[in-house]
Protein chains: 2
Amino acid sequence: MGDHDRQETMQEIVAAMSSKGWRITDQRRSLAALFAEAKGYLSPKDVYEHMRLKYPGVSFDTVYRNLRLLSEMGVLEQFYFNEGLKFRARCQSHHHHHLICMKCEKTVSFEFCPMKQIPNLPEQFDIVSHRFEIFGYCSDCSPNLKETSKNA
Amino acid sequence: MGDHDRQETMQEIVAAMSSKGWRITDQRRSLAALFAEAKGYLSPKDVYEHMRLKYPGVSFDTVYRNLRLLSEMGVLEQFYFNEGLKFRARCQSHHHHHLICMKCEKTVSFEFCPMKQIPNLPEQFDIVSHRFEIFGYCSDCSPNLKETSKNA
DNA sequence: TTAGATGCAAAACTTTTGCATTGGT
DNA sequence: ACCAATGCAAAAGTTTTGCATCTAA
């Protein structure tokens with residue numbers, strides 16, 4: 001993802017907040033920038049620490065409030081790792097799924113969606129949503145891929 | 001799942017604990033029975049409340065310790081709902097995925113696995129695991145399915 | 001008998017709430 | 001100027017830890 005895309009995402013997030021009638025504070029702009037640039041998932045503590053660099057007085061509850069609001073808006077998506085809840089900017093463009101690196105938590109999108117392939121389900125069920133993620137190690141983090149295929 | 005199957009699962013859980021050299025205490029037997037019978041997911045608090053019926057003196061940290069140990073053993077699987085972390089007995093028989101009812105949290109297995117269908121991924125990735133769940137409402141909980149197809 | 005499991009109490013950590021102040025619109 | 005957002009402090013909730021006691025093997 002290049003800088004241009006990130007900038008778009010940052011402005012998309014700000015625009016989304018603004019369109020809901022929310023005020024664009026420095027902290028929220030900073031939040032938007034942070035998630036637009038992040039390649040992986042961020043914990044509330046990560047976010048707090050990042051924010052504190054620019055805004056030393058930022059409070060923990062403001063971080064939580066904004067994370068919750070942005071999640072409810074659909075701008076952020078939540079994911080529970082073993083270490084706890086983390087957040088990342090939700091892809092707004094189109095439906096797809098992710099490879100998630102278990103070490104650096106970088107995510108890579110792919111287009112294949114199992115719901116298009118799924119055959120008859122075992123019983124009546126009113127389907128609302130689904131999730132499909134693949135976990136493993138990206139080429140930077142995998143000892144198997146490191147030497148051999150990374151530069152192939 | 002009939003009573004016979006549940007009993008098998010209960011004994012499987014006890015056997016798994018025993019085979020790891022763990023002692024089979026009354027509390028652990030009770031835990032095993034609880035998860036063997038549960039149709040859906042249980043929060044630590046659910047487990048604590050259930051256990052307290054039989055063992056009024058049971059402590060919260062014992063519940064947490066055993067939930068963690070059983071998860072690490074692979075007997076239980078964890079899942080984060082909006083309300084927080086919950087547990088259920090992991091299906092040991094064979095690989096499959098689940099429909100999860102968003103109201104009663106009942107789960108229904110199905111055999112289709114997207115990993116058998118997936119085409120070439122966008123980049124080198126050392127795959128370790130995956131998750132695929134479908135969320136919605138079961139026939140008992142869905143207003144759409146309630147009248148029409150439930151008894152079909 | 002004895003190492004492991006439990007209960008208790010307290011600590012650590014995470015997330016939420018109430019309220020006065022600040023700051024975007 | 002107005003009202004939403006923030007910072008602060010404290011509360012509420014969740015999970016972990018240390019240690020003496022108990023108990024399954």
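Given the structure is predicted, the values throughout are model-derived calculations rather than measurements.
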Length of the NZ-C1' vector between A/Lys86 and C/dT14, whole Å:
15 Å
May I have the distance from B/Lys20 (atom NZ) to D/dA25 (atom P), rounded to whole angstrom?
18 Å
In whole Å, I'd like the distance from the CZ atom of A/Arg52 to the C1' atom of D/dC8.
15 Å
Take atom CG of A/Asp46 and atom P of C/dT14, then tell me their distance rounded to the nearest Å.
11 Å
Qualifying residue for side-chain contact (heavy atoms from CB on, under 4.5 Å) with A/Leu69, from A/Met17, A/Lys20, A/Arg28
A/Arg28
Taken to the nearest whole Å, CG/A/Leu69 to P/D/dA4 is 13 Å
Does a nitrogen or oxygen in the side chain of B/Gln27 sit under 4.0 Å from OP1 or OP2 of D/dT23?
no
So, does A/Ser59 get its side chain near the phosphate of D/dC8, meaning an N or O under 4.0 Å from OP1 or OP2?
no
Going by the angle between their ring planes, with limits at 30° and 60°, are A/Tyr41 and A/Phe79 parallel, tilted or perpendicular?
tilted
Are any non-hydrogen side-chain atoms of A/Arg131 and B/Phe135 less than 4.5 angstrom apart?
yes
Carboxylate-amine/guanidinium proximity below 4.0 Å for B/Glu105 and B/Lys86
yes
Would B/Arg65 and B/Thr62 count as having a side-chain donor-acceptor pair, cut-off 3.5 Å?
yes
Which whole-number value in Å describes the distance from B/Tyr55 OH to D/dA24 P?
10 Å
Counting C-beta onward and ignoring hydrogens, is there a side-chain heavy-atom pair between B/Phe112 and B/Ile134 closer than 4.5 Å?
no
Does the Lys NZ or Arg CZ of B/Lys103 fall within the cation-pi geometry relative to B/Tyr137 - under 6.0 Å from the ring centre and within 45° of the axis?
no
Between its two end axes (five pairs each) the helix from C/dT1-D/dA25 to C/dT25-D/dA1 turns, nearest 10 degrees, through 40°
Per-nucleotide protein contact string for nucleotides 15-25 of chain C, where B marks a base within reach and S marks sugar-phosphate only (heavy atoms under 4.0 Å, - for neither)
BBB-----BBS
Rounded interatomic separation in angstrom, taking OH from B/Tyr48 and P from D/dT16:
16 Å
Taking 4.0 Å as the cut-off, does a side-chain nitrogen or oxygen of A/Thr62 come that near to OP1 or OP2 on D/dA5?
no
To the nearest angstrom, the CG-P distance between B/Asn66 and C/dG4 comes to 15 Å
Test your reading of the model: is there a side-chain donor-acceptor pair from B/Ser71 to the backbone of B/Leu67, 3.5 Å cut-off?
yes
Pairwise side-chain contact, A/Phe87 with A/Val47, heavy-atom cut-off 4.5 Å (strictly under):
no
